[in-house]
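Naming convention: chains lettered A, B, ... in sequence-line order (proteins, then strands); numbering from 1 in each chain. Every heavy atom of this structure was used, including side-chain atoms; hydrogens, water molecules and symmetry mates were not.
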4 protein chains.
Amino acid sequence: MEPDSTNKLKREIYNIIFEAETPKGRAFDVALIICILLSIGVIMLESVTPIKEKIGILLLVLEWVFTILFTIEYFLRLWVVRNKKKYAYSFYGIIDLVSVLPMYLSLIFSSASALLIIRSVRLLRIFRVLKLARFVGEGKVLADALKASRYKIIVFLVTVLTVVILAGTLMFMIEGKENGFINIPISVYWAIVTLTTVGYGDISPVTPLGQAVASFIMILGYGIIAIPTGIVSAEIAFFKNKEVTTEVCPHCLKEGHDKDAVFCKYCSSKLN
Amino acid sequence: MEPDSTNKLKREIYNIIFEAETPKGRAFDVALIICILLSIGVIMLESVTPIKEKIGILLLVLEWVFTILFTIEYFLRLWVVRNKKKYAYSFYGIIDLVSVLPMYLSLIFSSASALLIIRSVRLLRIFRVLKLARFVGEGKVLADALKASRYKIIVFLVTVLTVVILAGTLMFMIEGKENGFINIPISVYWAIVTLTTVGYGDISPVTPLGQAVASFIMILGYGIIAIPTGIVSAEIAFFKNKEVTTEVCPHCLKEGHDKDAVFCKYCSSKLN
Amino acid sequence: MEPDSTNKLKREIYNIIFEAETPKGRAFDVALIICILLSIGVIMLESVTPIKEKIGILLLVLEWVFTILFTIEYFLRLWVVRNKKKYAYSFYGIIDLVSVLPMYLSLIFSSASALLIIRSVRLLRIFRVLKLARFVGEGKVLADALKASRYKIIVFLVTVLTVVILAGTLMFMIEGKENGFINIPISVYWAIVTLTTVGYGDISPVTPLGQAVASFIMILGYGIIAIPTGIVSAEIAFFKNKEVTTEVCPHCLKEGHDKDAVFCKYCSSKLN
Amino acid sequence: MEPDSTNKLKREIYNIIFEAETPKGRAFDVALIICILLSIGVIMLESVTPIKEKIGILLLVLEWVFTILFTIEYFLRLWVVRNKKKYAYSFYGIIDLVSVLPMYLSLIFSSASALLIIRSVRLLRIFRVLKLARFVGEGKVLADALKASRYKIIVFLVTVLTVVILAGTLMFMIEGKENGFINIPISVYWAIVTLTTVGYGDISPVTPLGQAVASFIMILGYGIIAIPTGIVSAEIAFFKNKEVTTEVCPHCLKEGHDKDAVFCKYCSSKLN
């Protein structure tokens with residue numbers, strides 16, 4: 001985002017609410033995150049019946065205060081930024097808007113206010129406060145590792161989906177309606193609960209054959225849990241070991257050079 | 001599979017139903033996967049009593065429609081392929097047949113229709129739609145990693161089997177019939193539920209000694225879960241690292257060039 | 001173990017029951033493992049009340065048959081081996097003896113027969129059947145990896161022990177006797193069930209503060225589970241990448257040379 | 001910590017209670033750890049009502065004995081060390097004090113004695129007994145690995161926090177008060193129980209939509225559990241690999257020698 005430079009006040013506000021490195025910018029970001037956390041706390045407390053009965057009015061007032069503050073902040077952001085459309089359609093722009101809308105909607109639909117919780121996504125702004133750059137780098141390694149493994153993860157997910165459908169139906173046929181496996185969708189839900197090792201115990205096999213099959217599914221799940229972990233470990237280790245520089249070749253402008261590279265591997269120009 | 005080239009129509013149909021790279025082939029594959037998903041949805045819904053009571057006739061009709069479509073598809077595949085036997089005995093050939101048989105069997109044995117769920121295995125065809133080649137590669141890395149660790153996994157599974165039999169019997173002797181550990185097979189089932197960290201809670205130790213032994217088994221399981229993950233991680237990392245070429249620069253004789261490198265990163269000579 | 005070579009019959013029996021590579025030796029090992037599995041099955045079935053009531057006599061007879069077979073096998077092993085003491089005190093020698101003793105003890109103490117389950121440890125002989133050498137190698141990598149990480153694992157276990165004692169006592173003080181946390185040992189048991197992600201649900205926090213603390217413990221456990229997995233993964237990867245040969249230096253007799261080593265790294269002698 | 005050298009007795013006591021390598025120091029440390037373990041056992045037993053009723057007096061006496069012993073030990077440590085303030089404010093100094101205080105406080109506040117459990121932290125002294133240096137090294141690798149991944153872990157934790165708040169609120173809106181999701185904080189607690197795969201089953205989804213969303217959250221959690229494991233594995237592997245020296249053979253200039261190598265494995269020259 002770039003500031004709208006036509007106006008000194010706009011520029012000043014821009015530096016406060018968009019910059020994270022200046023003292024004022026940092027102070028603003030810290031205050032903002034505290035407000036977001038408090039506001040999430042208020043929404044949560046409002047759902048607790050005994051607390052709502054006691055201090056419901058106070059919570060409603062606080063909720064309106066935070067909503068109005070965030071609304072002002074949203075319009076300020078929209079006002080000071082040069083390319084208003086770009087901000088409005090950006091990830092944070094949409095989240096900033098969606099974080100205040102439910103409160104206004106709650107004037108019409110009374111149950112809309114629980115949607116306010118969506119403002120917890122704004123917590124991701126916390127990375128801006130804690131030395132931004134470093135986190136962008138770390139986040140990028142994680143994102144790169146996940147991106148590099150996306151095909152392996154799809155292969156894995158489709159296989160898991162097939163396994164849980166087959167396992168769920170098999171258990172439905174073995175255990176039947178009288179033992180809690182009342183239909184195939186619920187049996188598939190049971191298979192997911194089991195394969196992921198969550199194991200609520202709301203549904204569990206009762207017949208000996210069902211327990212034997214369930215045991216097999218669990219040991220299978222035990223092996224399957226190793227696969228995504230293995231994929232992600234290997235990718236993170238790979239990116240860690242490579243430690244690609246972010247250097248750009250001065251001649252062909254390509255990236256991705258190793259730390260020990262002296263010449264560009266694409267065009268043979270000397271790197272800095 | 002190769003087409004039967006004696007007939008132009010056969011060749012045309014072959015290209016549609018066996019090829020994944022041509023536009024028509026892709027369209028066919030996408031349509032097929034949608035049909036499979038819908039058909040799985042219908043089978044699942046049929047098992048839900050209130051839904052079956054309401055729209056049972058519709059679901060039955062839909063089930064027959066999908067079954068007849070898949071039957072036609074099966075015979076078309078059999079017709080257009082040159083080596084009919086090879087297709088009929090291939091993995092997909094068998095799955096394609098088994099996916100329609102239960103519906104015809106259900107005319108004789110009323111409960112056979114639940115077996116239709118076996119057609120969920122056909123979902124694996126999804127890999128053909130999403131750029132086939134790439135997935136074959138990724139699947140191959142996973143398969144290679146699993147294949148390479150198969151002896152380690154057998155060692156691991158036999159050890160786990162021995163541990164759960166011993167742990168189950170021990171708990172049967174400690175807790176006894178009055179605390180839910182009614183016989184050794186059920187106690188072994190409990191040991192598997194515990195060691196895999198599923199933990200339904202349908203059976204759980206009640207006596208202090210039983211809880212102490214169970215605690216020990218859990219911490220053991222905690223350590224054991226690390227082993228298959230470690231095995232698979234190491235294998236995937238191993239196959240991943242092999243992706244760096246072993247090419248040597250013809251000029252400076254240094255190694256460690258990336259796959260996409262055109263020039264040596266150390267001396268700027270052209271690589272082969 | 002070496003055979004007692006004074007007698008041709010002894011030598012022949014030795015080859016059958018101790019060797020795994022000859023056809024007869026393999027056949028014997030396969031038959032033995034089938035007997036062990038059947039015998040474990042019989043012991044398990046005997047603990048199931050309705051089955052015992054129906055075919056209890058048959059199971060008892062079978063149990064005695066297997067026990068007598070294993071007893072004969074034990075004495076044969078003792079007879080044909082040269083160093084009888086070495087076999088009798090070896091791991092398998094002790095297991096072979098302990099696998100038959102409980103049945104004879106059951107003539108005196110009626111409940112001793114459940115101890116027969118200890119013969120499931122004999123299942124580890126399965127590795128002898130499936131190309132022995134290969135499994136010894138794979139097992140050695142796992143054992144080496146575990147051995148190399150033993151200090152890290154002790155550090156880890158002591159830390160976990162401290163955490164569960166502190167967490168259990170904290171929850172005992174927060175939740176108290178009325179919510180199932182009836183004393184500190186049971187609360188520590190709950191902490192282990194939670195930290196290992198087993199989660200039976202036989203005891204679970206009820207008060208808001210207890211649930212908050214439990215949430216913190218769970219997320220901690222989530223992070224802690226990463227540590228043993230990380231340790232073992234790194235060790236297995238390390239041993240995999242190194243692929244140390246089992247070659248011994250002909251001069252200084254030391255082991256642990258890398259695959260590409262030409263000279264001994266300890267005494268500079270040429271390796272074969 | 002340095003001894004106060006003005007006094008021979010002080011020096012002697014210092015060697016016993018602060019040194020771990022001398023025979024007397026080792027004996028003292030072993031005795032101390034046994035006392036700590038016994039004392040923890042006494043505190044635990046005291047919380048078990050039937051045991052307390054039977055031997056409560058004995059347990060109270062033992063507790064006072066251990067407390068007085070630890071108090072004497074604390075003052076001895078304070079007396080023999082040169083820089084008393086440094087010890088008093090060190091990690092172990094504070095723990096040593098806090099380990100005895102609750103017993104004296106229990107004379108005033110009767111419920112304070114459960115706080116004694118804090119002396120379980122003293123168990124970490126166990127590392128001193130088992131060849132100190134080695135454990136410091138292993139612990140350092142673990143600490144380094146965790147320290148190196150701290151930013152990745154923060155990124156991960158903030159993301160998890162956002163996910164559980166959103167997932168909890170979503171389930172609160174879907175399932176509602178009648179199915180156990182009585183307010184948002186409890187629903188967030190449920191989301192944490194589910195995402196960490198603990199799965200008590202005290203609260204579990206009942207409606208079909210709730211079960212579908214929960215299934216999605218579980219599979220998500222399944223993938224998320226891979227991330228911290230991957231991070232820690234990669235870091236430990238990284239620190240482990242650094243253990244290979246970067247030493248170059250002075251004769252053939254080849255690298256990759258093991259730490260314990262005396263001669264070059266390629267040309268048999270002596271390494272430095």
Side-chain angles (χ1 to χ4, degrees), chain C residues 151-152 154-156 158-159 161-162 165-166 168-170 172-173 177 182-188 193-194 197-201 204-206 208 211-212 214-215 218-219 221-223 225-227 229-231 233-235 237-238 241 256-258 260-270, chain D residues 40 43-49 111 114 117-118 120-121 123-124 126-127 130 134-135 137-139 141-142 145 153 157 160 185-186 188-189 192-193 195-202 225 228-229 231-237 240-241 256-258 260-270:
Chain C
Y151 293 109
K152 284 200 204 73
I154 293 175
V155 170
F156 173 74
V158 172
T159 313
L161 193 68
T162 310
I165 291 175
L166 289 175
T169 309
L170 189 63
F172 169 70
M173 290 167 72
K177 306 195 181 210
I182 55 173
N183 54 49
I184 296 181
I186 274 199
S187 303
V188 170
V193 169
T194 299
T197 80
V198 171
Y200 289 128
S204 62
V206 176
Q211 291 177 335
S215 298
M218 277 175 244
I219 289 175
Y222 205 67
I225 213 172
I227 296 176
T229 310
I231 294 170
S233 298
E235 294 296 341
F238 183 75
N241 287 333
H257 303 294
D258 295 338
D260 61 349
V262 182
F263 295 96
C264 172
K265 63 183 179 180
Y266 299 111
C267 72
S268 82
S269 305
K270 198 167 171 69
Chain D
I40 292 172
I43 300 166
M44 283 191 167
L45 286 180
E46 225 188 348
S47 75
V48 184
T49 314
S111 66
I117 205 74
I118 213 159
S120 60
V121 176
L123 279 181
L124 297 179
I126 219 163
F127 299 136
L130 308 150
R134 193 190 301 274
F135 283 93
E138 296 295 335
V141 167
L142 283 187
I153 287 170
L157 281 182
V160 164
I186 274 199
V188 170
Y189 160 74
I192 292 172
V193 169
L195 210 69
T196 55
T197 80
V198 171
Y200 290 129
D202 50 348
I225 213 172
T229 310
I231 294 170
V232 177
S233 298
E235 294 296 342
I236 293 179
K240 172 126 206 106
N241 286 335
H257 303 293
D258 295 338
D260 61 350
V262 183
F263 294 96
C264 171
K265 63 182 177 179
Y266 300 110
C267 74
S268 82
S269 304
K270 200 167 168 71

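The side chain to side chain contact (heavy atoms under 4.5 Å, CB included) test applied to C/Ile182 returns C/Ile186, not counting sequence neighbours. Considering only residues two or more places apart in sequence or on other chains, D/Tyr189 meets the side chain to side chain donor-acceptor pair (under 3.5 Å) condition with D/Asp202.
Contact of C/Val206 with chain D is not made at all, since no heavy-atom distance falls under 4.5 Å. Interface remark: D/Val193 contributes backbone and side-chain atoms alike to the contact with chain C (heavy atom separation under 4.5 Å). Looking at C/Pro208, there are no atoms closer than 4.5 Å to chain D (heavy atoms on both sides), in backbone or side chain.
Between D/Thr49 and C/Asn183, every side-chain heavy-atom pair lies at or beyond the 4.5 Å cut-off. With contacts defined as side-chain heavy-atom distances shorter than 4.5 Å, the pair C/Ser187/C/Thr169 does not qualify.
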